[in-house]
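Everything quoted here is computed from the prediction, not taken from an experiment. The sequence lines fix the lettering, A, B, ..., with proteins before strands; numbering per chain opens at 1. Values reported hereafter were calculated over all heavy atoms of this structure, with side chains retained and with hydrogens, waters and symmetry mates removed.
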Number of protein chains: 2
Amino acid sequence: MLSVDPVILGMIAMYPASGYDMKIELEKGGAGMFSALTFGSIYPRLSALENEGYIVSFAADNQGRRRMLHELTAKGWQALADWLTEPPAYPLPMRDELLLKLSFWYSGRGDDRATLIAHLERRRQQSRELLHYLEAWPKNGFSYISEYSMIALNYARTRLEAELRWIEETITQLEFPPKGPEQDPRGLAQRIRERRAAAYGVAGQPDPTAQRGDEHSTAVEPYRA
Amino acid sequence: MLSVDPVILGMIAMYPASGYDMKIELEKGGAGMFSALTFGSIYPRLSALENEGYIVSFAADNQGRRRMLHELTAKGWQALADWLTEPPAYPLPMRDELLLKLSFWYSGRGDDRATLIAHLERRRQQSRELLHYLEAWPKNGFSYISEYSMIALNYARTRLEAELRWIEETITQLEFPPKGPEQDPRGLAQRIRERRAAAYGVAGQPDPTAQRGDEHSTAVEPYRA
DNA sequence: AAAAACATGTAACTCGTTACATGATTTG
DNA sequence: CAAATCATGTAACGAGTTACATGTTTTT
């Protein structure tokens, strides 16, 4: 039972679907906010799930074009119900390049606030678009949306709205002058600038001697809880 | 340049660190909110990054215990700065089992609201703990936290607070009776119950005949935008 | 004296993605 | 009639995880 399997079973549970249907549904629909599948993982799993008795597959006529539909067996319905009953794993960490870049920003770019504002404005644009798409989806007159899907949708909406507020506040803050570190008992901010300058060399050219071991004598105690 | 590489370079940029340091720092520190690394990916990449000239490694005496520290070269500092300048990829989709389960909840568990409330209460507990940990971190008197790391931390805090509010609202809603689907123009809610009943069989035992292709004649039009 | 934490590293494995292959039908 | 879309499938690849192997030092 791979992690994609419950998604496949869940999609089929809504209606007997083809592999292609599932891909499209996830791209355009609600569950796609929380998972994505590629054909390369869908089709092999459909075969496996059929071999293991979770689904049955049958050809459906699609005016000449071949089309394989899949339906859950009793075992498949049971597996889905069991998976839903299992306590969901806590999503950790929140993989997000923007946040990761923020964590390392000072070390790598110092007080280059302009580039960071550009990143944030791009993100604002993307999140706004996603929010609009997501608000339109339950009103498209087509998709099946249960009370529970709507709750999931509410989560995504709430999260995006909070993100947009954070972006506004952050851009405002970045338009003011830099504030200096929030906490820096070991004076790392200063040391980072010095180490970078040493690596590049005083005249701006790379300095090969700055790469020998002995120069790194300013060892920093790592954090131990 | 693998996706873990900028994280390694970013950690080293803060202070010359060992592979072990990075693992611990990510587990206990701020960047760990947004990325995790295992030894199996750290050590091989440290060798590779040294071979490619991004870092230099040197033995540091750690009272008898061996310890390899790593420092950025000019090329390494430059690679980090370049990576930070690149527009960050939009994090899509938000992989979250709880949300995925909500999407499929009705199909698999019908109106079993008790189990769902249990999931939400568990999540509330975990998110509260993370929030408390995360609020304590910038006051531990040790970690280096730049203005920008603090902004990332603010994001995580904002997001968790929004999530906790959503959990409260959702639990309250789930204590009321079920509402029925938000949007269901094809009558799928009804069909799902019928299909599940057919798969299990009327008497509760699995019905093998319900698994033949012909019975699935109630084909549902897939969504096409 | 044992267990936990410190510290580095390798090899096998697993899962998912990318790229490729094929072919029918609809649309411009 | 060419291009886009529909539709299914396979094979190679890649990147990260898990498990294993090894040895030291500190804590209980």
Examine C:dC6: is either OP1 or OP2 under 4.0 Å from a nitrogen or oxygen in the side chain of B:Y20? Give yes or no.
yes
Could you verify whether a donor N or O on one side chain and an acceptor N or O on the other, from B:E194 and B:Q190, lie under 3.5 Å apart?
yes
What distance separates B:K75 NZ from B:I55 CD1, expressed to the nearest 0.5 Å?
11.5 Å
Quiz: residues 84-91 of chain A side-chain donor-acceptor pairs under 3.5 angstrom, not counting sequence neighbours:
from  : atom 1 : to     : atom 2 : distance (Å)
A:T85 : OG1    : A:A81  : O      : 2.7
A:T85 : OG1    : B:R109 : NH1    : 2.8
A:Y90 : OH     : B:S127 : OG     : 2.8

To the nearest Å, give me how far apart CD (A:E27) and P (D:dA7) are.
13 Å
How many Å lie between CD1 on A:I24 and P on D:dC6, as a whole number?
6 Å
Between D:dG9 atom P and A:L49 atom CG, what is the distance in whole Å?
13 Å
Spacing between A:L69 atom CG and D:dC6 atom P, to the nearest angstrom
16 Å
B:M1 CE to D:dA15 P, straight-line distance once rounded to whole Å
13 Å
Check whether any side-chain nitrogen or oxygen of B:Y43 sits under 4.0 Å from OP1 or OP2 of C:dT8, and answer yes or no.
yes
Going 5' to 3' through nucleotides 16-27 of chain D and flagging B where a protein heavy-atom sits under 4.0 Å of the base, S where only the sugar-phosphate is that close, and - otherwise, we get SBB-----BBS-
Given DNA chain D, 5'-ward residue of the pair A:P44 and A:R66, judged by closest heavy atom:
A:R66
Rounded distance (Å) that lies between atom P of D:dA7 and atom CE of A:M22:
13 Å
Whole Å only: how far is the CG atom of A:D21 from the C1' atom of D:dT5?
14 Å
Please state whether the rings of B:W105 and B:H119 are parallel, tilted or perpendicular, taking 30° and 60° as the class boundaries.
perpendicular
Hey, can you tell me if A:Y20 and A:F39 have their rings parallel, tilted or perpendicular (30° and 60° cut-offs)?
parallel
Separation of D:dG9 atom C1' from A:K23 atom NZ, nearest Å, is 14 Å
Consider side chain to side chain contact (heavy atoms under 4.5 Å, CB included). Of B:R95, B:M94, B:K101, which one does A:F34 pass it with?
B:M94
For residues 44-53 of chain A, pull every pair meeting salt bridge (charged side-chain N to carboxylate O under 4.0 Å, His left out), keeping only residues two or more places apart or in separate chains.
A:D5-A:R45
